[in-house]
Amino acid sequence: MNELLPKLSTVPEGIHSPSDYLSYAKERLPPEIWRYLEEGSANNVSLQANLHVFDSIHLIPRPLSDVRSGHTQITLFGQTLTHPVILAPLAYQRLYHPHGESASAMAASAQEGQFCVSSLASQTLEDIISAAGQPLWFQLYWQENRERTLKLLQRAIAAGYSTIVFTVDAPIKQATIQLPAAIRPVNLDFPTPFPTLSPQQSQVFDGWMAQAPRWEDLAWLRDQISLPLLVKGMLHPEDAEKVINLGCDGLVVSNHGGRVLDGAPASLAHLPPIVRTISGRGKVLFDSGIRNGRDIYKALALGADAVMIGRPYIWGLATAGAIGVAHVIRLLRDELELTMALTGTTSIQEITKEKIQISRNQDPD
Ligand code: FNR
């Protein structure tokens, strides 16, 4: 087996875009961890679709525009962010760098953005927020029942997490990696043993799904907290409508980076109908497939209020820890600013559907 290269303490030479970090990360991670990070599910149909769909959106140059006062600032749930790039929740970040989630938290803060910490974090919620030096967002996975879920939620709130993102598209978490002994979801209680099923019962319906959340649990969850609550993993406008009707503050249009239901459509393809349905009654965030600042621009033009990025910041983490993550965020922001400048756009609010052209044969709307 090839020796893994050591982590870097500065950003590597010759990096021009987040994707340039990919090969640096790959050389620094054991192959099984690399596969776990990069894989989609089954045949990677949704993973590929997430990436390719961006090619069907074209950006229209608007030269000679005066963009001298341009900026990328947004306000989300009372917080001003210098740019609309939020680090998505990704589990077990000590797999990629010994500094784990704390490094991502520091990077997000240094770049005046946000980080959504996974329920499956490999460091304590308290340590991560202390590394950030600012309130962070917390991604909640359902913990088998209401009592256990509430316990985890209350711990996050006590630690200072300010926005809750409830992920609902991955009710069955099949482990695709054997975690090293030193890395585990340190914020979770040990799971209760799986219920014993009779041979007539289904492992899916009577086993896993018996412990999965349902709409009535979302209604219950909404009543438990006054903090902003978003639901992550929406692709159908009817579900988005229900989420808003239950009093949630927004949602994340996402197919989990193509990791759960292979065959699910490209996440971007379902952004416009959901934006239309929500029609300003809540915030709509988008993730799955963003690899550069032009992709961010396209998602914003299709109606997203902000975006989350997944794998690209982990490439930075695996290469150079907090500095690598901060650099990825900065590169994305630079690319977004450049795209705005070339399309004659001076604010995030000005990035609208009029600024793009959609290929007729691949219309994501
Ligand atoms: C994820 N994602 C995820 N989502 C979540 O809500 N909680 C989690 O713990 C995780 N863990 C996780 C691990 C790994 C290795 C990946 C790649 C993804 C999904 C994540 O938040 C996000 O939706 C996708 O990563 C976005 O797609 P891109 O940007 O990776 O294409």
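Every number for a ligand or one of its atoms is a count from 1 in the order of the listing. Being a predicted model, the structure only gives us computed values, none of them experimental.
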Would you kindly say whether Q93 and Y313 are connected by a side-chain donor-acceptor distance under 3.5 Å?
yes
Which of the numbered atoms in ligand 1 are below 4.0 angstrom from a heavy atom of D287?
22 (C), 23 (O), 26 (C)
With a 4.0 Å heavy-atom cut-off (strictly under), which part of H256 contacts ligand 1: side chain, backbone, both or neither?
both
So, is the end of the R259 side chain (NZ or CZ) under 6.0 Å from the ring centre of Y36 and within 45° of the ring's axis?
yes
Touching ligand 1 at all, E38? Heavy atoms, strictly under 4.0 Å?
no
Does any N/O atom on A91 come nearer than 3.5 Å to any N/O atom on ligand 1?
yes
Checking a contact table here: which protein heavy atom is nearest atom 5 (C) of ligand 1, and how many Å away?
Y141 OH, 3.4 Å
Quick test: of every protein heavy atom, which one is nearest to atom 4 (N) of ligand 1, and how far off is it to 0.1 Å?
K232 NZ, 3.1 Å
Atoms of ligand 1 close to T167 [distance to a heavy atom under 4.0 angstrom, numbered from 1]
5 (C), 6 (O)
How far is atom 25 (O) of ligand 1 from its nearest protein heavy atom, and which residue and atom is that?
G310 CA, 3.7 Å
Salt-bridge criterion met for K232 and D169 (N-O under 4.0 Å):
no
Numbering as shown, the atoms of ligand 1 that approach Q139 to under 4.0 Å (heavy-atom distance):
5 (C), 6 (O), 7 (N), 8 (C), 9 (O)
I'd like to know if the side chain of S162 pairs up with that of Q79 as donor and acceptor (distance under 3.5 Å, no hydrogens or angles considered).
no
Does some non-hydrogen atom of N50 fall short of 4.0 Å from ligand 1?
no
Taking 4.0 angstrom as the limit and counting only heavy atoms of S254, give me the atoms of ligand 1 inside it, by number and element.
23 (O)
Are a donor atom and an acceptor atom from the side chains of T82 and Q73 found within less than 3.5 Å of each other?
no
Any atom of ligand 1 sitting under 4.0 Å from a heavy atom of Y92?
no
I164 with L81, same ILVMFWY side-chain cluster at under 4.5 Å:
yes
Looking only at distances, please establish whether an N/O atom of ligand 1 is found under 3.5 Å from an N/O atom of P312.
no
Can you tell me which residue and heavy atom of the protein come closest to atom 3 (C) of ligand 1, and the distance to 0.1 Å?
P89 O, 3.0 Å
Indicate whether any N or O donor in one side chain lies under 3.5 Å from an N or O acceptor in the other, for E27 and W34.
no
Could you tell me whether L90 approaches ligand 1 through its side chain, its backbone, both or neither, with non-hydrogen atoms closer than 4.0 Å?
both
Would you tell me whether Q123 and S102 have side-chain atoms, one donor and one acceptor, within less than 3.5 Å of each other?
yes
Please tell me whether E126 and S130 have a donor and an acceptor in their side chains that are separated by less than 3.5 angstrom.
no
Strictly by modelled atom types, are N255 and S267 linked by a side-chain donor-acceptor pair under 3.5 Å?
no
Are I157 and V186 co-members of a hydrophobic cluster defined by side-chain heavy atoms under 4.5 Å apart?
no
Sub-4.0 Å heavy-atom contact, Y96 with ligand 1
yes
Please indicate whether any nitrogen or oxygen in Y36 is less than 3.5 Å from any nitrogen or oxygen in ligand 1.
no
Backbone, side chain, both or neither: what part of R259 comes under 4.0 angstrom of ligand 1, heavy atoms only?
side chain
Say whether, by atom type as modelled, one donor and one acceptor occur between the side chain of R281 and the main chain of T277 under 3.5 angstrom.
yes
Side chain or backbone, does L37 bring an N or O within less than 3.5 Å of an N or O on ligand 1?
no
Give me the residue, atom name and distance of the protein heavy atom closest to atom 9 (O) of ligand 1.
S118 OG, 2.7 Å
